[in-house]
Protein chains: 2
Amino acid sequence: MHSFTEENYLKAIYKLQETNGEVVATSALAQVMEVHAPSVTDMLKRMAGKKLVTYQKSKGVKLTERGRQVAVGIIRNHRLWEVFLVDKLGYKWDEVHDLAEQLEHIHTEDLTNKLDKFLGFPKADPHGDPIPDANGVLPKSKAVLLSTLKVGEEGTFTGVTDHTPAFLNYLDKAGISLGNNIKVKAIEEFDQTYTIQLNDEKDTVISHKVANSLLVNK
Amino acid sequence: MHSFTEENYLKAIYKLQETNGEVVATSALAQVMEVHAPSVTDMLKRMAGKKLVTYQKSKGVKLTERGRQVAVGIIRNHRLWEVFLVDKLGYKWDEVHDLAEQLEHIHTEDLTNKLDKFLGFPKADPHGDPIPDANGVLPKSKAVLLSTLKVGEEGTFTGVTDHTPAFLNYLDKAGISLGNNIKVKAIEEFDQTYTIQLNDEKDTVISHKVANSLLVNK
DNA sequence: AAAATAAATTAGATTACCCTAATTTTACTT
DNA sequence: AAGTAAAATTAGGGTAATCTAATTTATTTT
């Protein structure tokens, strides 16, 4: 139906809209898509022709409702495939992104729903990112960054904002896993290093950079 | 690594070599690929440049060893995904071809092997077609067409030569499934209609066309 | 508000894959 | 062996997605 490229643009626009506001700039898209600006302008014209986005010369893009539907469908598919790769095939959470990036483009409504059922209707992917339901509804998360907690507060580790293998690997090594209870024991004033307690057991020291990439539910 | 298109050409050439002999004609490929002859000539030149095929102007194509490896790898992947779709997701055997046709192009050695393991190292896909092993070795089948059996002979139904949904559906309706024992009770001389017995139970009458599309192991 | 900087667009090419029409090569008949 | 039919190739184009270089539009600074 849509080309892989189109679908990747839709996904990129969707994500940029989520994080940076309603209107997405050509340059932002170019960076995310790893292409040069004129390629983006070109593509946006084609996609506007297909009513996937509304595009005004030099004014940025927005997804149309149809564009949003497609984007969310792909994100749903991506996250379901990630669950498959980890839960069924035994991949580690830092290895699945690139494969899911390809599998996400193989989607008929039927396949996605059958996969969803097979996986037991998971609510989140292996990184804790929520999986949109069959109607394209993405549950609003009330998770906050660990770095916003004060000493003495605690929460359940439910997601990451940094998805790089390097970071995920670090968490593995540090023994920090999704579902862990994290309690802030101390915050070093000088450099905002956090001392946290995992599952009421051992204390661990993490940098501010790390605390700023962990999502917790209070 | 290789484009979907290239992979589809490789697969088509491989299959044509299997059934029609070592050298494949441009026109045959054009028909299978559903493109016009000049497109094939064009593509073959590019593929020859990449050492996937050996191509001599107006003399047809052959796969190189590398080309054969890639082709068999894709067939392996295709058939494994078909098993996944039927065994795990609950698709019927007449529904999986087109989806597998897309999934087959998502293949890293690692993914394919993990999938293989997850599925329990199946020997054949849902239509009975053998699955090449990780080294690209395809077990030689000794199955024969049911239409070559004489009255009184029998065998196990292990595969089809017609993979169309229409035919597969017909078999479902007629209650003929892979693994069934089929015994030839009678062959009508006039039109070669076969009367067969399934699993030593009920007798069924099938046309010569059908008998000619069923593979059995004597 | 004018000048300077940054962002976006147009212009003109390139590559992979496909097309139609015209031509050449191969194969088949007589 | 010549003539015809069939198969394959060349020639010339088209579209999607990309690029670089040049130009225009928008934003920021003075």
Side-chain angles (χ1 to χ4, degrees), chain A residues 1-13 16-17 19-63 66-67 70-71 74 101-102 104-106, chain B residues 1-13 16-17 19-63 66-67 70-71 74 101-102 104-106:
Chain A
M1 194 69 98
H2 306 105
S3 71
F4 282 27
T5 308
E6 269 172 4
E7 293 186 351
N8 286 330
Y9 271 90
L10 289 173
K11 205 174 39 149
I13 296 167
L16 286 167
Q17 279 190 300
T19 48
N20 298 5
E22 217 197 334
V23 175
V24 174
T26 302
S27 53
L29 254 179
Q31 203 189 342
V32 171
M33 293 297 298
E34 297 183 293
V35 298
H36 291 231
S39 310
V40 173
T41 301
D42 216 45
M43 190 67 189
L44 292 182
K45 284 181 189 167
R46 274 195 297 276
M47 290 172 70
K50 295 182 184 176
K51 311 277 186 210
L52 292 168
V53 299
T54 56
Y55 164 68
Q56 278 189 293
K57 204 155 126 171
S58 294
K59 295 267 166 60
V61 243
K62 292 185 221 175
L63 293 180
R66 215 162 79 67
V70 175
I74 289 162
E101 201 76 2
Q102 300 198 238
E104 70 187 5
H105 300 295
I106 291 162
Chain B
M1 193 71 98
H2 305 105
S3 70
F4 282 26
T5 308
E6 267 172 4
E7 292 186 351
N8 286 330
Y9 270 91
L10 288 173
K11 207 174 39 150
I13 296 166
L16 286 167
Q17 279 190 301
T19 47
N20 299 4
E22 217 196 334
V23 175
V24 174
T26 301
S27 53
L29 253 179
Q31 204 189 338
V32 172
M33 293 298 298
E34 298 184 292
V35 298
H36 291 229
S39 309
V40 174
T41 302
D42 213 45
M43 191 66 189
L44 292 182
K45 283 180 189 169
R46 273 195 298 275
M47 289 171 73
K50 295 182 184 177
K51 310 277 187 210
L52 293 168
V53 300
T54 56
Y55 165 67
Q56 277 188 295
K57 204 157 123 165
S58 293
K59 293 267 167 58
V61 243
K62 293 183 221 176
L63 293 178
R66 214 161 80 66
V70 176
I74 289 162
E101 200 77 2
Q102 300 197 236
E104 70 187 4
H105 300 295
I106 291 163

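No hydrogens, no waters, no symmetry mates; every other heavy atom, side chains included, goes into these values. Proteins get letters first, then strands, A, B, ... in listed order; numbering begins at 1 in each. Only a predicted model underlies this, so the values are computations on that prediction, with no experimental measurement involved.
- Across the protein-nucleic acid pair, B:M33 atom CE and C:dC18 atom P stand 6 Å apart, rounded to whole Å.
- In terms of heavy-atom proximity, A:H2 sits nearest to A:E7 at O-OE2, 3.8 Å.
- The distance between atom CZ of A:F4 and atom P of D:dA17, rounded to the nearest whole Å, is 12 Å.
- Rounded to the nearest 0.5 angstrom, A:D42 CG and A:M47 CE are separated by 12.0 Å.
- Considering only side-chain atoms of A:T41, the nucleotide from D:dA8, D:dA17, C:dA8 that sits closest is C:dA8.
- Computed from coordinates, the B:E6 CD to C:dC18 P distance equals 11 Å when rounded to whole Å.
- In this structure, the side chains of B:L63 and B:L16 stay at 4.5 Å or more apart for every pair of heavy atoms.
- Remark: A:K45 in residues 44-53 of chain A come within less than 4.0 Å of DNA chain C through at least one heavy atom.
- Checked by atom type and distance alone, the side chain of A:Q102 never pairs as donor or acceptor with a backbone atom of B:I106 at under 3.5 Å.
- Proximity of A:Y55 to the phosphate of C:dA8: no side-chain N or O atom is located under 4.0 Å from OP1 or OP2.
- Each of B:A25 and A:T5 lies near DNA chain D, and the nucleotide nearest B:A25 is the one positioned closer to the 5' end.
- Between B:L29 and B:A12, the shortest heavy-atom distance links the atoms CD2-CB, 3.8 Å.
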What N/O pairs connect the protein and nucleotides 20-26 of chain C at under 3.5 Å? Give each pair on its own line.
{"unit_1": "C:dT20", "atom_1": "OP2", "unit_2": "B:H36", "atom_2": "ND1", "d": "2.8"}

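- The CD atom of A:Q31 sits 15 Å away from the C1' atom of C:dA8 (whole-angstrom rounding).
- Note: B:F4 and A:F4 have perpendicular aromatic rings, judged against thresholds of 30 and 60 degrees for the angle between ring planes.
- Atom-to-atom, CD of B:Q56 to P of D:dT9 comes out at 11 Å; the value is rounded to the nearest Å.
- In this structure, the side chains of A:Y9 and A:V53 stay at 4.5 Å or more apart for every pair of heavy atoms.
- Between the C1' atom of C:dA16 and the CE atom of B:M43 lies a distance of 8 Å, rounded to the nearest Å.
- In terms of heavy atoms, B:K59 sits closest to B:V23 at O-CG1, 3.3 Å.
- Distance, A:N8 CG to D:dA16 C1': 15 Å, rounded to whole Å.
- As rounded to whole Å, 15 Å separates atom C1' of D:dA16 from atom NE2 of A:H2.
- OP1 or OP2 of C:dC18 sits under 4.0 Å from a side-chain N or O of B:Y9.
- Checking side-chain atoms of B:R66 against main-chain N and O of B:K50 turns up a donor-acceptor pair under 3.5 Å.
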